[in-house]
Number of protein chains: 2
Amino acid sequence: MPQPLPFVPAALLNVAALKASCAGCSMHQLCLPMGLDSDDISRLDSIIGKRRRLARDERLYQMDEPFRNLYAIRFGHFKTYQVNAGGEQQITGFQMAGELLGMDAISGDRHHCDAVALEDSEVCEIPFARLEELFGEVPTLLRHFHRIMSQEITREQNVMLLLGNMRAEQRFAVFLVNLSARYAARGYSASSFQLRMSREDIGNYLGLTIESISRLLSRFKKQGWISVDKRELTLLNPAMLKALAAGTEQCSPMA
Amino acid sequence: MPQPLPFVPAALLNVAALKASCAGCSMHQLCLPMGLDSDDISRLDSIIGKRRRLARDERLYQMDEPFRNLYAIRFGHFKTYQVNAGGEQQITGFQMAGELLGMDAISGDRHHCDAVALEDSEVCEIPFARLEELFGEVPTLLRHFHRIMSQEITREQNVMLLLGNMRAEQRFAVFLVNLSARYAARGYSASSFQLRMSREDIGNYLGLTIESISRLLSRFKKQGWISVDKRELTLLNPAMLKALAAGTEQCSPMA
DNA sequence: CGAATGTTTGATAGGCTTCAAGTGGGGTGG
DNA sequence: CCACCCCACTTGAAGCCTATCAAACATTCG
């Protein structure tokens, strides 16, 4: 089921030309065109390749595939994961509308992980070679691109902190609070949203098992901090969850 | 004690002008100027700020400090770490000569972690604003910079895999093999080197305790895979360590 | 309706942490 | 010069958090 695009006047969505451009995309305030004037946006538009729709579980790219494009998510959700020699996989992130996929492929000219749609989704193909050409003409774009890459670095550092130092309860609270903030930034409810990923995916991302995630959900529910029905989630006590995430509030045992 | 600079003809080192330039730096094949012709290297030289020496345990920058410069390590070693609200710290990386510090600060205009010298070290200050100007004139430099940032992203993804999926033994093997490869790339011995960081730092980085690191060192020594004397380390069975790191070889219990 | 998949819950086990004590080297001050 | 102390490290014992194993339950889809 495709995601609704909130906060975009219907008039804009009805104009095909605009709809197919960055200016008309509901995500342009969060995505690559952030901060560009309309002139520069149209320059960016001119290099954007075709849009690509993916069904749930469809793969956008695969590890070791040659790198040609970055991808901006128009709507939908993705996960990215690595597979090591032993066949174990580690999910390195969940991405949503307005976020950029593929930056880890720049250094080696081939993709370093797999990207898979968690639901029916659509991305903009951004040919990286042409983007590089554009950097010379649009310094604002270049600076914003650097910020995006840097942000990805800090995001991963935060995950390292999570995986290296936190107990299961805190990890899970961080995960929920993070999702909440990102939905809020997109104009969705901060307290009520749908988990697009399976319990197994969450566990893999957080360095825990599916059973642990299930138990955490049950415990948080029993404490009255959240309510869950399948993948429909509501944060009933965001303050407590934030305190848990920050480490202000103590961890209680899993039993 | 300052590190020796290997593989640089003494003639070069004796010319002060060259010594102070990227062209004369033993790390220019690994560092920012990689792949630049001599013309572009001198352009890069012209924007490089002052060199800065740091004593062991001295801090290069601190979290939340305003971001002005990237730093290229000329010699020595650093660690970078985050501190969360609860005061817990997580080391996000160990950096050595030829590597770049501070890229995580671009997105927020302030440093996202602390950087501390593990021994007497020297860095080149690279004013980021001037570097950005130079990007417009030297596309090769820009492309290499993107590769460096992307490489940092993939490095962190590998750490996420390590922290999320691996047992203590495998983590430690990955750590040793990684150090070995980086020293080899710098012309040092791949099998024999000094650990510049404390056991506690290693443990913090790998998501383990100092006691676990100590036990791992003892076990690896007992197995004949390494020899250790204080911080002097020799890999006696690199193949086994690589197999452990890859997950090909099974983990044995810690007892 | 039945098989397959995803999830929940319980019992047990194990790997690593925590707590504790001891070792050893380097530096300092007498 | 040497005794002392401090710090980093090592080693042992016990406990806990989470994984693993197992089974039941729910849901989806053919």
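Each chain gets a letter, A, B and so on, in the order the sequences are listed, and its residues count up from 1.
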Which whole-number value in Å describes the distance from [X] [atom1] to [N] [atom2]?
X         : N       : atom1 : atom2 : answer
Asn165(B) : dT18(D) : CG    : P     : 16 Å
Glu169(A) : dT18(D) : CD    : C1'   : 13 Å
Lys222(B) : dT10(D) : NZ    : P     : 13 Å
Leu233(A) : dT7(C)  : CG    : P     : 13 Å
Arg231(B) : dG26(C) : CZ    : P     : 12 Å
Glu232(B) : dA8(D)  : CD    : P     : 19 Å
Ile210(B) : dT17(C) : CD1   : P     : 12 Å
Ile213(B) : dT17(C) : CD1   : P     : 8 Å

Under 4.0 Å: is that the gap between some side-chain N or O of [X] and OP1 or OP2 of [N]?
X         : N       : result
Ser218(B) : dT11(D) : yes
Ser212(A) : dA19(D) : yes
Thr209(A) : dT18(D) : no

For this session: Please determine which of Arg182(A), Arg74(A), Arg155(A) meets the salt bridge (charged side-chain N to carboxylate O under 4.0 Å, His left out) test together with Glu99(A).
Result: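 Only one of Arg182(A), Arg74(A), Arg155(A) forms a salt bridge (charged side-chain N to carboxylate O under 4.0 Å, His left out) with Glu99(A), namely Arg182(A).
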For this session: Scan Arg56(B), Arg231(B), Arg196(B), Lys79(B) and name whichever one has a salt bridge (charged side-chain N to carboxylate O under 4.0 Å, His left out) with Glu119(B).
Result: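 Answer after filtering Arg56(B), Arg231(B), Arg196(B), Lys79(B): Arg196(B).
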For this session: Using a heavy-atom cut-off of under 4.0 Å over every strand shown, decide if Gly203(B) touches base, sugar-phosphate, or nothing.
Result: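 No contact.
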Exercise. Hey, does Ser198(B) reach any base, or is it just sugar-phosphate, or nothing, if we go heavy atoms under 4.0 Å?
Worked result: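 Sugar-phosphate, backbone atoms only, no base.
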Exercise. Is there a donor-acceptor contact under 3.5 Å linking the side chains of Gln89(B) and Gln82(B)?
Worked result: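 No pair is found: no donor N or O on one side chain lies under 3.5 Å from an acceptor on the other.
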Exercise. Between the side chains of Asp114(B) and Gln62(B), does any donor sit under 3.5 Å from an acceptor?
Worked result: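 Looking only at side-chain atoms, Gln62(B) and Asp114(B) do not form any donor-acceptor pair under 3.5 Å.
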Exercise. Side chain of Arg167(A): nearest nucleotide among dT17(C), dC16(C), dT7(C)?
Worked result: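 So the side chain of Arg167(A) is nearest to dT17(C).
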Problem set entry | Candidate nucleotides dC16(C), dT10(D), dA19(D), ranked by approach to the side chain of Leu208(B) - the nearest |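 The answer is dC16(C), which lies nearest to the side chain.
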At a cut-off of 3.5 Å, list every protein nitrogen or oxygen paired with a nitrogen or oxygen from nucleotides 19-25 of chain C, distance to 0.1 Å.
residue: dC19(C); atom: N4; partner: Glu211(B); partner atom: OE2; Å: 3.1

Exercise. Would you say the ring centroid of Tyr205(B) lies under 6.0 angstrom from that of Phe94(B)?
Worked result: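 Judged by ring-centre distance (under 6.0 Å), Tyr205(B) and Phe94(B) do meet the cut-off.
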For this session: Quick one: sort the Tyr183(B) and His77(B) rings into parallel, tilted or perpendicular, breaks at 30° and 60°.
Result: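 It falls in the tilted class, 30° to 60°.
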For this session: Using heavy atoms to find the nearest nucleotide of DNA chain D for Leu217(B) and Met166(A) separately, return the residue whose nucleotide is more 5′.
Result: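 Between the two, 5'-proximity favours Leu217(B).
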Exercise. Any salt bridge between Glu169(A) and Arg219(A), counting N to O under 4.0 Å?
Worked result: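 Yes, Glu169(A) and Arg219(A) are salt-bridged.
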